[in-house]
There are 2 protein chains.
Amino acid sequence: MTLVKKTPTIQDVARFANVSTATVSRALSSPERVSEQTRARISEAVRVTGYTPNQSARSLRQRTARTILVALPDIGNSFFSVILDAVEREAASRGYGVLVANRFPRMDSGLRMRDYFLSNRVDGLLLLDGSVDLEQLMMLTGDPTPVPLIVACEEIPNAPFHTVKTDNGYAAERATRHLIDLGHRRIGHIRGPDGNVLTGEREQGYARAMQAAGLDICPEWLLPGGFEMEVGRAAAGRFIAIADRPTAIFAANDESAIGFISGLRQHGLDCPGDVSVVGFDDLVLAAHVWPPLTTMRQPRAALGRIAAGALIDLIEGERRSRVPMHMVLSSEMIVRGTTARPPAPTAPASPSSAQVVR
Amino acid sequence: MTLVKKTPTIQDVARFANVSTATVSRALSSPERVSEQTRARISEAVRVTGYTPNQSARSLRQRTARTILVALPDIGNSFFSVILDAVEREAASRGYGVLVANRFPRMDSGLRMRDYFLSNRVDGLLLLDGSVDLEQLMMLTGDPTPVPLIVACEEIPNAPFHTVKTDNGYAAERATRHLIDLGHRRIGHIRGPDGNVLTGEREQGYARAMQAAGLDICPEWLLPGGFEMEVGRAAAGRFIAIADRPTAIFAANDESAIGFISGLRQHGLDCPGDVSVVGFDDLVLAAHVWPPLTTMRQPRAALGRIAAGALIDLIEGERRSRVPMHMVLSSEMIVRGTTARPPAPTAPASPSSAQVVR
DNA sequence: CCGAACGATGCAATCGATTACACGCCGCCA
DNA sequence: TGGCGGCGTGTAATCGATTGCATCGTTCGG
């Protein structure tokens, strides 16, 4: 008895309203082209039947999916997931769905992405990861099927893509200057992962600030790094072995900063008593560790929102401007509890030490 | 000159291989039904033309989208994003895409979800949030269009849905017992948010452990809570005002535990010196705060993987078993640095104090 | 030697919406 | 009054893949 009622189609609506399907379609997509009365009859019919347009049919005909693909290296990392949050919200507000592709560079990346596009499941790509294969990407975006693409957070060197990112270099400079202003003279740096663009940008910002203040950088102070806590903790091990230790560290991101601080503690050093630390990102976490972390805040929500918005603009206006656009958002210095004046020297620096204060 | 080459269709492949489109389709979806040679010619043709099936067309015809919708309250929260990670991986491995709907309960939830289904964009729903409107959900899943649905992590009381979750009650019991075994007798609890199922389950587990050990619970020790760090910090304020303070706290999740510890510190109390704390979840963060947090690990990756797998099973075998299935994963006790023996009493407890050790 | 059965393939309908084109009607202007 | 230009609507083609049914050989059992 209980017949499975089929989901209503545009045909049902048309029949109910006594018009053709063409008219129903028009009434829904460009209401001004349909007379007042018909429009009323149709919206009544839609209401009664409970009609929802079938997206597959629409996609097939119009060759659009109203969906964007967000490719990221690690959703599990809250740095990215906060961005994803903003992206999803912006996309939803413009009627777009968000498909996620996680662990992007590792898998068959290029292939899977190509599939998504060629199979018409997505209209554009938001790339939150600079470490992808440029070749494949170009193949995808270049002729004969140029694809709307925006790279956010990172940047692919020498690649002609639109980007949205923060002012990494300048932010690193400010972070370092903050330490200098507190009176630190020997300031070290925990680098980002090798091969990442951001690593270079932040390190250079750090170097510029040091140079501007007339401070030299001892090579030992550049600790090999990465973006994970473990790496920061390991850096602490190296750090305590340095003969004439810096009194402050600028870490390339919050995770390594937090790992570093926890490593310091294991070795009996206190932050900020013995060593001041500045991070980068301002993860939610940063405010809640102890001591709360001084850091450069990346406006991640804004970044996600802007990137998603720009991508959808790109999709909808088919004008893929030839010259790539670069949007730069500014970071904000957040001073909390991990930075303080340097400890008073307990003994004069040994004369053989390499570091210099000019 | 530069003609825009169209993306290849099944027609192109058929032409190239000198067969009909039907044969191409069969060669791709059920190779055993096509002769060896034809299959070879076709795969060659696919290779040459660079053909990828158009998903919209396929969806339209087969009424499936090969996509699942994951609804969650907050992607930005790493608790969820780690699950999402696993979900995405499992789904991808089975050829499914993952659409995300964030801040789920707040928005037009029911509506948006209905749209996703009715418009044939998704085949099933993975709900990581128990606080949704049951009515709307039933409307969606009930006849005439039953929809594959799995609720993970939480559970909707009295709703006939399949669920995948951890053994919250038992886990809470074990966490509490751990404190008891260390010698604590006055043990408090920071509750989860009001109205959340998990809040009750964890609180009851705590109560059971106390009762089993013959310990009474003073109402004051039940701190109003929530799942955010702020809440934990606030609880610390209440905590220090208690006349005869507990020597240990079982917090309903890691965030509130961490916030609580940081609040303790502000009030001059040490963890675990003065107060031991156990959390719940084992966020990545938990291992990296100071002191590293003792907690009950929820197997989040497994949970995501299993939930996604079960959902896809549900989608593919159309057998929506009438009786809802409940999968329970077991948690794991992770002992780190926030729990220790209770401090030696500095003075005999005042005789008027309310707490009791029987 | 005949017909059944089976394997391989083609034909054409189908999924549901969009849209180019055509048509009828009305009003306006010459 | 005839022609023209909108406006509102309908007809039917179209998007690309899947699939029920028909067809054509071949093989094999009786």
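Excluded from the calculations below are hydrogen atoms, water molecules and symmetry mates; all remaining heavy atoms, backbone and side chain alike, are included. Every value quoted in this text rests on a predicted model; they were computed, and no experiment measured them. Naming convention: chains lettered A, B, ... in sequence-line order (proteins, then strands); numbering from 1 in each chain.
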Original post:
If you check every side-chain atom of A:T38, which of C:dT18, D:dT9, D:dC15 has the closest atom?
Top reply: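 The answer is D:dT9, which lies nearest to the side chain.
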**OP:** Would you indicate which nucleotide in C:dG10, D:dA17, C:dT19 comes nearest to any side-chain atom of B:A22?
**Re:**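 So the side chain of B:A22 is nearest to C:dG10.
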**OP:** First locate atom CD1 of A:I75, then atom CZ of B:F80, and finally report the distance between them rounded to the nearest 0.5 Å.
**Re:**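 Interatomic distance, A:I75 CD1 to B:F80 CZ, rounded to 0.5 Å: 14.0 Å.
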Original post:
Just how far is it from atom CZ of B:R63 to atom CG of B:D123, taken to the nearest 0.5 Å?
Top reply: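 One gets 12.0 Å once the value is rounded to the nearest 0.5 Å.
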Ignoring backbone atoms, test whether [X] places a side-chain nitrogen or oxygen under 4.0 Å from the OP1 or OP2 oxygen of [N].
| X | N | result |
| --- | --- | --- |
| B:R39 | C:dA8 | no |
| B:S59 | D:dA17 | no |
| B:Q62 | D:dT19 | yes |
| B:R58 | C:dC15 | no |
| A:T23 | D:dG10 | yes |
| A:Y51 | C:dA17 | yes |

Find the distance [X]:[atom1] to [N]:[atom2] and express it as a whole number of Å.
| X | N | atom1 | atom2 | answer |
| --- | --- | --- | --- | --- |
| B:L60 | C:dA17 | CG | C1' | 8 Å |
| A:R66 | C:dT18 | CZ | P | 11 Å |
| A:R61 | C:dA17 | CZ | C1' | 8 Å |
| A:R41 | D:dT9 | CZ | P | 8 Å |
| A:Q55 | C:dT18 | CD | C1' | 13 Å |
| B:N18 | C:dT9 | CG | C1' | 13 Å |
| B:I42 | C:dG10 | CD1 | P | 8 Å |

Original post:
Any side-chain donor-acceptor pair under 3.5 Å between A:N54 and B:N120?
Top reply: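 Their side chains do not contain a donor-acceptor pair, so the 3.5 Å distance test is not met.
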Subject >> Donor-acceptor side-chain pairing of A:T23 and A:S20 below 3.5 angstrom >> reply: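 Yes.
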**OP:** Please list residues of residues 8-16 of chain B whose heavy atoms come under 4.0 Å from any atom in DNA chain D, ordered by number; otherwise none.
**Re:**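 Of all residues in residues 8-16 of chain B, the ones placing a heavy atom under 4.0 Å from DNA chain D are B:T9, B:I10.
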Subject >> Residues touching DNA chain D, which here means a heavy atom under 4.0 Å, drawn from residues 25-36 of chain B >> reply: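 Heavy-atom cutoff 4.0 Å gives B:S25, B:R26.
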**OP:** Identify which one of A:L69, A:L125, A:V147 satisfies the side-chain contact (heavy atoms from CB on, under 4.5 Å) criterion when paired with A:Y116.
**Re:**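 Looking at A:L69, A:L125, A:V147, the match for A:Y116 under the side-chain contact (heavy atoms from CB on, under 4.5 Å) is A:L69.
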**OP:** Mind checking B:V24 for me? I need base, sugar-phosphate or nothing, with any heavy atom below 4.0 Å counting as a touch.
**Re:**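 Contact class for B:V24: none.
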Original post:
Excluding sequence neighbours, so at least two apart, what forms side-chain hydrogen bond (donor to acceptor under 3.5 Å, both in side chains) with B:T163?
Top reply: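 Testing B:T163 for side-chain hydrogen bond (donor to acceptor under 3.5 Å, both in side chains), a comparison that skips the adjacent residues, returns B:H326.
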Original post:
Is the number of heavy atoms from other residues, nucleotides or ligands under 6.0 Å of A:Q37 CD greater than 12?
Top reply: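 It does not: A:Q37 CD has 12 such atoms or fewer within range.
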**OP:** Using a cut-off of 6.0 Å, state whether more than 12 heavy atoms not belonging to B:E36 lie near its atom CD.
**Re:**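 For B:E36, atom CD is not crowded (no more than 12 foreign heavy atoms under 6.0 Å).
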Subject >> Salt bridge A:E316-A:R66, side-chain N to carboxylate O under 4.0 Å >> reply: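 Salt bridge present between A:E316 and A:R66.
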**OP:** Please determine if B:R41 and B:E44 form a salt bridge, counting it only when a charged side-chain N lies under 4.0 Å from a carboxylate O.
**Re:**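 No.
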